[in-house]
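Per chain, numbering begins at 1; letters A, B, ... match sequence-line order. These numbers come from a predicted model, not from an experiment.
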There are 2 protein chains.
Amino acid sequence: MDSDKSHIDETTPRTHPRARRRTRQRSVIQRVLLEANRPLTPQDILLAAQARAPGLGIATVYRTIHTMMTEGTLVAVGIPGEAARYETAGKEHHHHFQCRECDGVFDIQGCPTDDLVKLAPKGFRLESHQVVLYGVCPPCTGMPA
Amino acid sequence: MDSDKSHIDETTPRTHPRARRRTRQRSVIQRVLLEANRPLTPQDILLAAQARAPGLGIATVYRTIHTMMTEGTLVAVGIPGEAARYETAGKEHHHHFQCRECDGVFDIQGCPTDDLVKLAPKGFRLESHQVVLYGVCPPCTGMPA
DNA sequence: ATGCTATTAATAAATCGCTATCAGAAAATC
DNA sequence: GATTTTCTGATAGCGATTTATTAATAGCAT
């Protein structure tokens with residue numbers, strides 16, 4: 001019984017669980033993130049998920065975020081001066097737009113990568129970049145969604 | 001005594017002083033910011049300034065930052081996931097590079113503004129933008145400064 | 001169904017960045 | 001140099017975000 005586990009190579013030291021379980025809370029949070037199609041704050045996630053999983057706690061949101069980040073199914077999106085937001089991994093290279101009215105962050109496509117690469121001065125090894133556009137989103141300009 | 005002040009129009013409600021004094025601490029902090037030529041965190045400022053003003057406290061750094069921001073001689077620079085940094089105002093439009101080794105932030109010149117403007121999707125009113133390049137700075141690549 | 005254990009909700013507590021407080025130090029003014 | 005009032009340093013406090021704790025709940029394998 002006990003010797004059966006002795007050969008298991010724990011190369012991935014898990015902070016949390018060793019065998020994942022499919023819980024209602026986790027499913028709902030994952031669905032919220034998938035359907036949002038834009039980066040959400042932990043609070044955003046909590047609010048949206050509580051509609052489908054009453055009683056959901058903020059700690060579970062953070063735990064699920066960690067789990068998904070570890071799995072590689074979620075990535076953090078940082079916006080200057082803001083708490084981290086999270087969006088599903090696997091999207092193609094893109095950047096973000098933040099509305100100064102509602103503070104919402106939206107995905108935008110396209111990127112003048114070549115032009116940005118040229119900005120790196122001599123001696124600086126460029127590895128990645130990030131663009132954030134600021135302004136007002138359609139709903140906040142009075143336009144219908 | 002009291003009536004003398006009654007005619008003063010306090011249109012600018014000062015959080016802090018009304019008549020600035022030239023103190024050693026303030027001079028040193030301002031010099032640090034001017035000579036840095038790149039955005040510094042309050043902690044950066046504190047460390048650099050303490051060399052020239054022993055005993056300098058963090059509160060004074062924050063106070064001076066506020067004072068200078070109010071004066072318009074300092075602007076805040078936000079880097080995703082980082083505390084605010086500050087650099088002297090008046091520079092022309094530019095962006096920043098952050099070293100993932102030392103976390104230092106450096107000014108870079110040039111900006112493909114036209115290309116970035118095109119990224120804003122229909123219905124989004126673009127007002128400003130920010131570019132952050134990530135990589136390794138010259139000193140951290142082993143190169144001499 | 002039962003048992004094992006991952007998971008959860010609630011909440012306490014730790015961080016972090018920044019601000020307020022206040023007595024003493026030090027500019028500016030006389 | 002004495003006076004006045006700003007300025008400073010030390011530290012407590014605050015708001016926001018994130019993590020740890022813990023007893024109870026609920027997947028999942030048997």
Side-chain angles (χ1 to χ4, degrees), chain A residues 1-2 4-5 8 10 12-30 39-47 49-50 52-71 74 76-86 103, chain B residues 1-2 4-5 8 10 12-30 32 39-47 49-71 74 76-86 103:
Chain A
M1 280 295 204
D2 49 355
D4 286 30
K5 289 186 176 179
I8 297 177
E10 281 281 41
T12 305
R14 301 220 152 288
T15 306
H16 290 306
R18 1 259 177 246
R20 300 250 146 79
R21 288 179 182 177
R22 176 156 203 78
T23 66
R24 168 155 191 73
Q25 292 86 340
R26 204 166 284 174
S27 301
V28 167
I29 289 172
Q30 290 173 335
L40 299 179
T41 63
Q43 283 302 323
D44 290 336
I45 299 169
L46 179 65
L47 281 175
Q50 279 180 331
R52 287 171 165 172
L56 184 77
I58 186 66
T60 298
V61 172
Y62 280 106
R63 249 183 272 125
T64 304
I65 287 172
H66 289 157
T67 299
M68 293 180 70
M69 297 256 293
T70 301
E71 288 174 354
L74 198 69
V77 173
I79 300 290
E82 303 268 314
R85 287 175 168 78
Y86 302 88
D103 292 332
Chain B
M1 276 295 206
D2 47 359
D4 288 31
K5 288 185 176 179
I8 298 176
E10 281 280 40
T12 305
R14 301 221 150 285
T15 305
H16 289 308
R18 1 253 174 255
R20 304 251 145 78
R21 287 181 182 175
R22 176 154 205 78
T23 66
R24 168 156 191 75
Q25 291 86 339
R26 204 166 283 173
S27 301
V28 167
I29 290 172
Q30 290 172 334
V32 164
L40 299 179
T41 64
Q43 283 302 322
D44 291 335
I45 299 169
L46 179 66
L47 280 176
Q50 280 180 334
R52 287 171 166 171
L56 182 75
I58 187 65
T60 299
V61 173
Y62 280 109
R63 270 190 297 252
T64 305
I65 287 172
H66 289 158
T67 300
M68 294 180 70
M69 297 258 291
T70 301
E71 289 173 353
L74 198 68
V77 174
I79 300 291
E82 302 267 315
R85 287 176 167 78
Y86 301 88
D103 291 333

Run the side chain to side chain donor-acceptor pair (under 3.5 Å) check on A:Arg24 and A:Ser27 step by step: do they pass? CA-CA 5 Å; A:Arg24 168 155 191 73; A:Ser27 301; over 6 Å; no
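Contact annotation: B:Thr23 side-chain N/O to D:dT6 OP1/OP2 distance is not under 4.0 Å. One finds no side-chain N or O of A:Arg26 lying less than 4.0 angstrom from the OP1 or OP2 phosphate oxygen of D:dG27. Proximity of B:His66 to the phosphate of C:dT19: a side-chain N or O atom is located under 4.0 Å from OP1 or OP2. Contact annotation: B:Gln25 reaches the phosphate of D:dG9 (side-chain N/O to OP1 or OP2, under 4.0 Å).
With rounding to whole Å, B:Asp44 atom CG is found 12 Å from C:dG17 atom P. Rounding to whole angstrom units, CG of residue A:Leu56 and P of D:dT25 are separated by 17 Å. Rounding to whole angstrom units, CZ of residue B:Arg63 and C1' of C:dT21 are separated by 10 Å. In this entry the distance linking CD1 of A:Ile58 with C1' of C:dT8 reads 14 Å, nearest Å. One can place CD of A:Glu82 at 13 Å from C1' of D:dA16, the figure rounded to the nearest angstrom. Between the CG atom of A:Leu46 and the P atom of C:dT11 there is a distance of 14 Å, rounded to whole Å. In this entry the distance linking CZ of A:Arg85 with C1' of D:dT18 reads 16 Å, nearest Å.
Closest-nucleotide positions on DNA chain D for A:Ala84 and B:Arg22 were compared, and the one nearer the 5' end corresponds to B:Arg22. Both B:Tyr62 and A:Gly57 lie near DNA chain C, and the one whose nearest nucleotide falls closer to the 5' end is A:Gly57.
The base of D:dG27 is not paired with the side chain of A:Arg20 by any donor and acceptor separated by under 3.5 Å.
Side-chain contact check for A:Leu56 versus A:Ile29: some heavy-atom pair is nearer than 4.5 Å. Side-chain atoms of A:Gln43 and A:Ile58, non-hydrogen and from C-beta on, do get closer than 4.5 Å to each other.
The distance from the CZ atom of A:Arg63 to the CD atom of A:Gln25 is 9.0 Å, given to the nearest 0.5 Å. A distance of 9.0 Å separates OG1 in A:Thr41 from CD in A:Glu82, rounded to the nearest 0.5 Å.
Nearest nucleotide to the B:Arg21 side chain, out of D:dT18, C:dT5, D:dT4: D:dT4. Of the candidates C:dT8, D:dT17, C:dA10, the closest approach to any side-chain atom of A:Thr60 belongs to C:dT8.
Residue contacts for A:Arg24: at a heavy-atom cut-off of 4.0 Å it reaches no nucleic acid atom on any strand shown.
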